[in-house]
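Working notes, structure below.
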Amino acid sequence: MRILWIATKTPWPPVDGGRLLLWNTLEALAGSGCRVDLVAPAAGARLAAAAEALKHLCRPHLVRRSPALPGPLLWLLARARGEPLTIVRHRRPAVARRVAALLASDAFDAIQVEQLQALAQAPASGRVPVTLRAQNVESDLWRATADAAALPQGRLRRPLLRAEARRLARWEGRAVRRTA
């Protein structure tokens, strides 16, 4: 089986739960004879080391991660696009271009998307089924953050965070309908 895997971060080094889960999954797939092409952003300083560490598990296509936009600018961009903030924050045009190039030049049996935020880099439709592994219900996390916002700043932040949670819940619903 040939899998195109799109992630929001590299699994190396496996220092948190999401990275470790991805690393272990890649190990299991490699052990079962699957060929996986992994496309993920990586910090410039870690790009070469991550590619080297991953090459026995998959074919790494790591893209240099661009600097993050300041929070207020991200918020405005998200509102202008009508997308959740976390989706805009993780949108990586270079990753989407690499995914498109791989799909144009190679044949895959499946596209695996690691986390809701990576779905923006997957093709909207096509001949290859897209599956999504969402480790969290992101809208629930945003709602819980709103509920836990400390006073007095919480009075200002809660409505914004709750609106973001609702926007994200709608995005999650569309994501589930979009994927196989």
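All figures in this text were calculated on a predicted structure; none of them were measured in a lab. We're numbering straight along the sequence, starting at 1.
Put simply, W23 and I3 are part of the same group of oily side chains (I, L, V, M, F, W, Y) that touch within less than 4.5 Å, one to the next. Residues I111 and V63 share a hydrophobic cluster, clusters being chains of Ile/Leu/Val/Met/Phe/Trp/Tyr side chains in contact below 4.5 Å. One hydrophobic cluster, built from ILVMFWY side chains closer than 4.5 Å, cannot hold both V137 and W142; they sit in different ones. Residues M1 and F108 are members of separate hydrophobic clusters, defined by side-chain heavy-atom contacts under 4.5 angstrom among Ile, Leu, Val, Met, Phe, Trp and Tyr. Tracing side-chain contacts under 4.5 Å through hydrophobic residues (I, L, V, M, F, W, Y), one never reaches I6 starting from V176; they form parts of separate clusters.
A salt bridge between D109 and R2 is absent, with no side-chain N of the basic residue lying under 4.0 Å from a carboxylate O of the acidic one. Ion pair D106/R35 flagged as a salt bridge, since at least one NZ, NE, NH1 or NH2 atom sits closer than 4.0 Å to an Asp/Glu carboxylate oxygen.
Side-chain contact between L168 and L141: absent, with no pair of heavy atoms (C-beta onward) separated by less than 4.5 Å. Residues W171 and L116 meet the side-chain proximity criterion, which asks for heavy atoms closer than 4.5 Å. A heavy-atom distance below 4.5 Å is not found between the side chains of P41 and L62. The side-chain heavy atoms of Q135 and Q115, taken from C-beta on, include a pair separated by under 4.5 Å. Counting heavy atoms from C-beta outward, H61 and L102 have side chains that approach closer than 4.5 Å. Counting heavy atoms from C-beta on, the side chains of V36 and L57 never come closer than 4.5 Å. In this structure the side chain of L119 reaches within 4.5 angstrom of the side chain of R178, judged on heavy atoms. Two residues are said to be in side-chain contact when any heavy atoms from C-beta on lie closer than 4.5 Å; T131 and V113 fail this criterion.
To the nearest 0.5 Å, the span separating CD1 on I87 from CD on E172 amounts to 8.0 Å. To the nearest 0.5 Å, the span separating CG on L47 from CD on E52 amounts to 12.0 Å. Between L4 atom CG and R98 atom CZ the span is 11.5 Å, to the nearest 0.5 Å. Of the inter-residue distances, the one linking E27 atom CD with L20 atom CG reads 9.0 Å to the nearest 0.5 angstrom.
In terms of heavy-atom proximity, A7 sits nearest to A118 at C-CB, 4.0 Å. Looking at every heavy atom in both residues, A51 comes nearest to P60 through O-CG, 3.6 Å. For the pair A165 and S139, the tightest heavy-atom approach, listed with the atom from each and the gap, is O-CB, 3.3 Å. Of all heavy-atom pairs between A78 and V88, the closest is CA-CG2, 3.7 Å. Closest approach of A40 to V95, counting heavy atoms only: C-CG2, 4.3 Å.
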List the steps, then state whether side chain to side chain contact (heavy atoms under 4.5 Å, CB included) holds for L38 with L54.
-> CA-CA 9 Å; L38 172 69; L54 287 164; 4.0 Å; yes
Stepwise side chain to side chain contact (heavy atoms under 4.5 Å, CB included) check, R92 with S66 | CA-CA 8 Å; R92 306 279 185 233; S66 55; 4.2 Å; yes
I would like to know whether T145 and R143 meet side chain to side chain contact (heavy atoms under 4.5 Å, CB included); could you show each step before the answer?
-> CA-CA 5 Å; T145 300; R143 195 171 301 107; over 6 Å; no
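Under the salt bridge (Lys or Arg N to Asp or Glu O under 4.0 Å) test applied with E164, the options R79, R89, R158 reduce to a single match, R79. Here the rule is side chain to side chain donor-acceptor pair (under 3.5 Å) with R91, and of Q121, Q117, E83 only E83 fits it.
Judged by distance alone, with hydrogens and angles left aside, the side-chain atoms of R59 form no donor-acceptor pair with the main-chain N or O of K55 at under 3.5 Å.
The stretch residues 3-18 participates, sequence neighbours left out, in these side chain to side chain donor-acceptor pair (under 3.5 Å) pairs: W5-E114, K9-D16, D16-R19.
Applying the 6.0 Å contact sphere to CZ of R133 captures more than 12 heavy atoms from other residues, nucleotides or ligands.
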